[in-house]
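Working notes, structure below.
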Amino acid sequence: MERLQKIIQRAGIASRRKAEDMITEGRVSVNGKIITELGSKANPGDDIRVDGEPIEIENKVYYVMNKPKNVVSTLDDPKGRPAIVDYFHIKQRVFPVGRLDFDTSGVLLLTNDGDFAHHMTHPKFEMEKEYHVKLTGLLRKDESKPIEYGLNTPDTTYQPATVSHVRYDKSKTHTYLDIVITEGQYHQIKRMFSEIGHEVVRLKRKRFGVVTIDGLSEGQYRRMKPHEVKQMWNLAKNGR
Ligand code: URA
């Protein structure tokens, strides 16, 4: 059950405020009965009409894309750089769930479900995002401890992250590692490592909650499976 004004807003008929006016003015009916009370709830499957016209609710859709490097994760770019819309060809209007930097590749979720996007991105739901990182220099074990305990910088505090699979390249100039974070602050991974003296030279998101890009090459996308959507909701609702 959902508030009537929210359902009307979601159907793109009016803003929440205008939808409330429509209800109090007696213009809205649910299953043949005029509803004027503001707290009223309905199911999106009910016969909801405004001025006698049935409203159409957009089906919710969920996609995962393997975002290529050097593509903006927004739908278009004022600077004219390649954008994910150049790769994405579907009828529904969708928007990205959070952002990835221009030079970051990997898992990008897209949906038309604002509530889902909120639960996936708000730090209080602690959704895990796992990245594969290449850093300048050789990272010693003790160096990453501040990141693992929860790094404090003059600008912000980061929630504790999990660092694993630390290894060096053959020429011993760079470090590879995996890191799991549970929030998505601006340039978070680049800033955290920069704070401890290492620059990120390559960044790929391998996993968002239970969703991976396994089987998708760069630029490809697929519908998320219903069980994946359900699992994501459960993870976000339970927190950790
Ligand atoms: N952290 C970053 O620094 N960049 C991203 O794109 C994602 C996480």
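Not a single donor-acceptor pair under 3.5 Å links the side chain of S73 to the backbone N or O of R99. With hydrogens and angles disregarded, a donor-acceptor distance shorter than 3.5 Å links the side chain of D169 to the backbone of H174. A donor-acceptor pair under 3.5 Å links the side-chain atoms of Q188 to the main chain of Q185, judged by distance alone. Of the possible polar contacts, one joining the T175 side chain to the G137 backbone as a donor-acceptor pair under 3.5 Å is found.
With respect to the salt-bridge test (charged N to carboxylate O, under 4.0 angstrom), the residues E128 and R207 qualify.
Closest approach of L235 and G209 over heavy atoms only: CD1-CA, 4.1 Å. Of all heavy-atom pairs spanning A83 and T74, the tightest one is CB-O, 3.7 Å.
Residues satisfying the side-chain contact (heavy atoms from CB on, under 4.5 Å) test with Q159, not counting sequence neighbours, are P123, E126, T182, E183. For H132, the side chain to side chain donor-acceptor pair (under 3.5 Å) partners are D178, not counting sequence neighbours. For H198, the ring-ring contact (aromatic ring centres under 6.0 Å, His included) test picks out no residue, with sequence neighbours left out. By the side-chain contact (heavy atoms from CB on, under 4.5 Å) test, E25 pairs with D21, R27, sequence neighbours left out. A search for side-chain contact (heavy atoms from CB on, under 4.5 Å) contacts involving R16 returns Q5, K6, Q9, E20, not counting sequence neighbours. When the side-chain contact (heavy atoms from CB on, under 4.5 Å) test is applied to P160, no partner is found at least two apart in sequence or on another chain. For R81, the side chain to side chain donor-acceptor pair (under 3.5 Å) partners at least two apart in sequence or on another chain are D77. Applying the salt bridge (Lys or Arg N to Asp or Glu O under 4.0 Å) rule to D214 yields no partners; only residues at least two apart in sequence or on another chain are considered.
Here side-chain hydrogen bond (donor to acceptor under 3.5 Å, both in side chains) pairs that include residues 101-118, with residues two or more places apart or in two chains, are Y62-D113, D101-H187, D101-K190, D103-K190. Pairs passing the ring pair (Phe, Tyr, Trp, His ring centres under 6.0 Å) check and including a residue from residues 79-105, sequence neighbours excluded, read Y63-F88, F88-Y221. Within the structure, the ring pair (Phe, Tyr, Trp, His ring centres under 6.0 Å) test picks out no pair touching residues 151-170 (sequence neighbours left out).
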- [ ] Verify side chain to side chain contact (heavy atoms under 4.5 Å, CB included) between V64 and V107, making sure each step is shown before the conclusion.
- [x] CA-CA 7 Å; V64 50; V107 180; 3.9 Å; yes
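The hydrophobic clustering, which links ILVMFWY residues whose side-chain heavy atoms are closer than 4.5 Å, places M127 and V210 together. In the hydrophobic clustering of this structure, I179 does not group with F208; members are Ile, Leu, Val, Met, Phe, Trp, Tyr whose side-chain heavy atoms approach within less than 4.5 Å, directly or through other members. Cluster membership for I55 and L38, using ILVMFWY side-chain heavy atoms within less than 4.5 angstrom, is shared. Cluster annotation: L108 and L203 are assigned to the same hydrophobic cluster (Ile/Leu/Val/Met/Phe/Trp/Tyr, side-chain heavy-atom contacts under 4.5 Å, transitive). M65 and V229 sit in two unconnected hydrophobic clusters of ILVMFWY residues. Membership requires side-chain heavy atoms under 4.5 Å apart, directly or through other members.
The closest side-chain donor-acceptor pair between R167 and Y176, if any, does not fall under 3.5 angstrom. In the model, S217 has a side-chain atom that pairs as donor or acceptor with a side-chain atom of Q220 under 3.5 Å.
If you chain together ILVMFWY residues whose side-chain heavy atoms come under 4.5 Å of each other, V201 ends up in a group of its own.
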